[in-house]
Every structure is written in structure tokens, then in C-alpha cells.
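Within every chain, numbering begins at 1; the chains are lettered A, B, ... in the order of the sequence lines, protein sequences first and strands thereafter.
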Protein chains: 2
Amino acid sequence: MSTVIEEVIPAADFRTMHSTAACNQSLQAVQDALYVLNGKWKLPIIIALREGPRRFRELQRLVTGITAKVLSKELKELEMNEFAVRHVYATTPVTVEYELTEYSHSLDSVIEALRQWGTQHRARILGKDKLEI
Amino acid sequence: MSTVIEEVIPAADFRTMHSTAACNQSLQAVQDALYVLNGKWKLPIIIALREGPRRFRELQRLVTGITAKVLSKELKELEMNEFAVRHVYATTPVTVEYELTEYSHSLDSVIEALRQWGTQHRARILGKDKLEI
DNA sequence: GAAAGCGGTATCCTTTGGGATACTGATAAC
DNA sequence: GTTATCAGTATCCCAAAGGATACCGCTTTC
């Protein structure tokens, strides 16, 4: 992510871009995006948090199958990317809450595109499965 | 991917969906989509193929750094997902060409969303870097 | 006083993705 | 006759991701 961008090219439709530099730059952007959503748990956690702030153990129950260790690691990464904030309340014992940030909603269009494509792709595959029996 | 979908729910805006079943279904769709784009090489290969059909060795030269083993594996996966087709021509020695399918273009909107988000995210991070010096 | 819940951390282990290298049999180029 | 190219495959190896389990100090509930 700290790579220098040598040549800045105005935004253009992906389909029409074929210069090497433009392609590389697009590729880099797409890979940046995939990188932050990568792994088995980022999306499940983000989606669980969409309904409101959650405490650590609450999240672990909502995101079925995740271990405390992994949840902890993922939450740190979400914090680093500024998708979530961690609130500590001085109760005894302390209460810790995780909440999505405003910035996390910049992902909405990405997630929506993924959702739409994934939905039709699944339908397509299920359709083929039927024909293949 | 062969999981049965129990409850079918009409498409709805991602932000407004909060029933458990709807969320799970969305999550599944998003994960399906991420799954097919996953790994270090899927996108570089797809992007290389956008400019036209390529032979195996040609691809290996275009996608810098990929080994034959990995390229071979990735191409098989692209074929399985019907993003690419493999054409074998009976020359001596045989000529093998890989070509994107029509269906691969259904990914365009996904890739475009990822590209746009990735671009602004990178700009955001580079901006922060400056402030932090 | 024992058990369970809180928010994690530490340690060990397995699985997966991917890199490095070597090799194939046929053909074309030097 | 040697070398390079084609489209891969086979084998070995390494690092990262993630699962399993145990544990921490603290507090509430039974």
C-alpha cells in the first residue's frame, strides 16, 4: 500500500482501459480493495456490525464458528482500516463495544456489487446442477 | 457452493436488510463472489486476457512473476467458473489459446466497483501518510 | 464456594497458497 | 548436433491463515 504511483490517469471505464499504466493502476486499486475484504471473516463481522454496536462476546456468538483469537485479530485489522472503532466503557468489569464507522459505508457499493453478482452466479450454478443430474 | 438455499428472498438494498435469513443469504452471495476472485493471480490473468486471446506462455510473460504451475492451476479454475475457455489447435506442436467468455463480462460491474473504491481508499491512505510525517 | 461470563492472550497444530526447480516429448532455429 | 520453445506436470518447500485448547484476572449468579 505504500507503493508510489508514478503516472496518474483520470478515472475511466474499466472496459475501455488498455494502456499498460492504466491497467496496472486499475489492477492495483482492485487488489487494494480485495485485500481489505480478504479472508474468511471480514465480511461476516462487518455484516454483523451493521445492525449496531456489539460487544466482543456478542460478536463471537453472532459470527458462528470464529474463535476468540481470530476475532480479536480481525477486529484489529478492521480498526486499522478505519472500518470499526473500539469503545471501552469504565464499568466493572470493562465493557468493550465495536461499532462501524461512517467510512465503512463507503464499502456499501462494493458489497452491493458483490452481492448482486454472487446471487446471480449462484442461481446460474444451481440451474446447471439441475441439468447435469 | 452446493449448499441448499432454504428461503428465497427478493433482492433488496443491502443496507436495509436485517432479517437473519436475508443477511445470511447476502453474506453467502458476497462470499461466493469474493471466492471466485480470490488469490493473488485471478485478476491479473483476467485483465491480461481482456485485450484478446493469449497462449499459455504469452500469458506467463504478461502476468509477471507467475510460475507455470500456478498459471495452469488458475486457468483451470477460470475455466471451471466459465470465465475463460481453452482452445486447442491441432498444429505441431499444439497451440493452446485462452479466451475470456461472454460471461466473464458479468464481472465488469464488480471489478469497476472494486476499482473505484480501491482508488479512493489508496488516495485516502496516501493523504494520511503525508499528514503523519 | 463453584460455575459461568467478561475480553481477550498464548501456544501449538494443520491446512492452504504459492514459489523454486526439474522434467517431459515434440519441433523449429542456429 | 545443440539449443530454445511449446504447454504443461511433478516434487519439494516455505510462510501465512486459521483452528483447538488452555489460560488470565475480575465479577456476577447459583
Side-chain angles (χ1 to χ4, degrees), chain A residues 1 27 30-49 52-81 83-100, chain B residues 1 27 30-49 52-81 83-100:
Chain A
M1 276 301 304
L27 178 55
V30 175
Q31 285 177 327
D32 288 351
L34 282 180
Y35 181 76
V36 305
L37 296 179
N38 221 353
K40 194 171 171 182
W41 299 111
K42 294 269 165 24
L43 263 311
I45 294 171
I46 288 177
I47 287 174
L49 285 175
R54 296 289 174 200
R55 303 175 58 179
F56 188 88
R57 302 291 302 202
E58 241 178 323
L59 268 177
Q60 202 181 341
R61 263 176 259 112
L62 285 171
V63 181
T64 51
I66 198 169
T67 63
K69 176 185 119 181
V70 173
L71 177 57
S72 170
K73 196 202 69 182
E74 299 285 306
L75 286 171
K76 279 175 188 154
E77 292 179 22
L78 292 179
E79 268 193 271
M80 284 186 2
N81 285 324
F83 294 156
V85 273
R86 183 175 181 266
H87 300 290
V88 184
Y89 301 106
T91 53
T92 46
V94 290
T95 304
V96 179
E97 264 189 3
Y98 294 89
E99 191 181 8
L100 288 187
Chain B
M1 278 301 302
L27 178 56
V30 174
Q31 286 178 324
D32 288 352
L34 282 180
Y35 181 77
V36 304
L37 295 179
N38 222 351
K40 193 172 171 181
W41 298 111
K42 294 268 165 29
L43 262 309
I45 295 171
I46 289 177
I47 288 176
L49 285 175
R54 297 289 173 197
R55 304 174 59 177
F56 187 88
R57 301 289 304 194
E58 241 178 324
L59 268 177
Q60 202 181 340
R61 263 176 257 113
L62 285 171
V63 181
T64 52
I66 197 169
T67 63
K69 176 186 118 180
V70 173
L71 177 56
S72 170
K73 195 202 69 183
E74 299 285 305
L75 286 171
K76 278 175 190 155
E77 293 179 22
L78 292 179
E79 267 193 273
M80 283 185 3
N81 285 322
F83 295 155
V85 273
R86 182 175 181 268
H87 301 290
V88 183
Y89 301 106
T91 53
T92 46
V94 289
T95 303
V96 179
E97 263 190 2
Y98 294 89
E99 192 181 7
L100 288 188

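- Rounded to an integer number of Å, the gap from B/Glu58 CD to D/dT5 P is 14 Å.
- Listed nucleotides D/dA7, D/dG18, C/dT9 differ in distance to A/Trp41; the shortest reach to its side chain belongs to D/dG18.
- Closest to the B/Val70 side chain, of the nucleotides C/dT27, C/dG18, D/dA7, is C/dG18.
- When the nearest nucleotides of DNA chain D are assigned to A/Thr92 and A/Asn38 by heavy-atom distance, the more 5′-ward of the two goes with A/Asn38.
- One atom, CD of B/Gln60, and another, C1' of C/dG19, lie 12 Å apart when rounded to the nearest Å.
- Following rounding to the nearest Å, B/Lys73 (NZ) and D/dT11 (P) show an atom-to-atom distance of 18 Å.
- In this structure, A/Arg86 atom CZ and C/dG7 atom P are separated by 10 Å, rounded to whole Å.
- The phosphate of D/dC6 (OP1 or OP2) has no side-chain N or O of B/Arg55 nearer than 4.0 angstrom.
- Taking CD from B/Glu97 and CZ from B/Arg86, the interatomic distance works out to 12.0 Å, rounded to the nearest 0.5 Å.
- Using a 4.0 Å cut-off, some side-chain N or O of B/Arg61 falls inside it from OP1 or OP2 of D/dC6.
- Regarding contacts with the backbone of D/dT21, every side-chain N or O of A/Thr67 stays at 4.0 angstrom or more from both OP1 and OP2.
- A sub-4.0 Å separation between OP1 or OP2 of C/dG8 and a side-chain N or O of A/Tyr98 is present.
- Listed nucleotides: C/dG18, C/dG8, D/dG19. Nearest to the side chain of A/Lys40: D/dG19.
- If you check every strand for non-hydrogen atoms under 4.0 Å, A/Gly39 touches sugar and phosphate atoms only.
- Side-chain proximity of B/Lys69 to the nucleotides C/dG8, C/dG18, D/dG8 is greatest for C/dG18.
- Residue-level contact check: A/Glu74 touches the backbone only, with heavy atoms under 4.0 Å from sugar-phosphate atoms and none from bases.
- Under 4.0 angstrom from either OP1 or OP2 of C/dG18 there lies no side-chain N or O belonging to B/Lys42.
- Between A/Arg57 and C/dC6 there is a side-chain polar atom (N or O) within less than 4.0 angstrom of OP1 or OP2.
- Here A/Ser72 reaches the OP1 or OP2 of C/dT9: one of its side-chain N or O atoms lies under 4.0 Å away.
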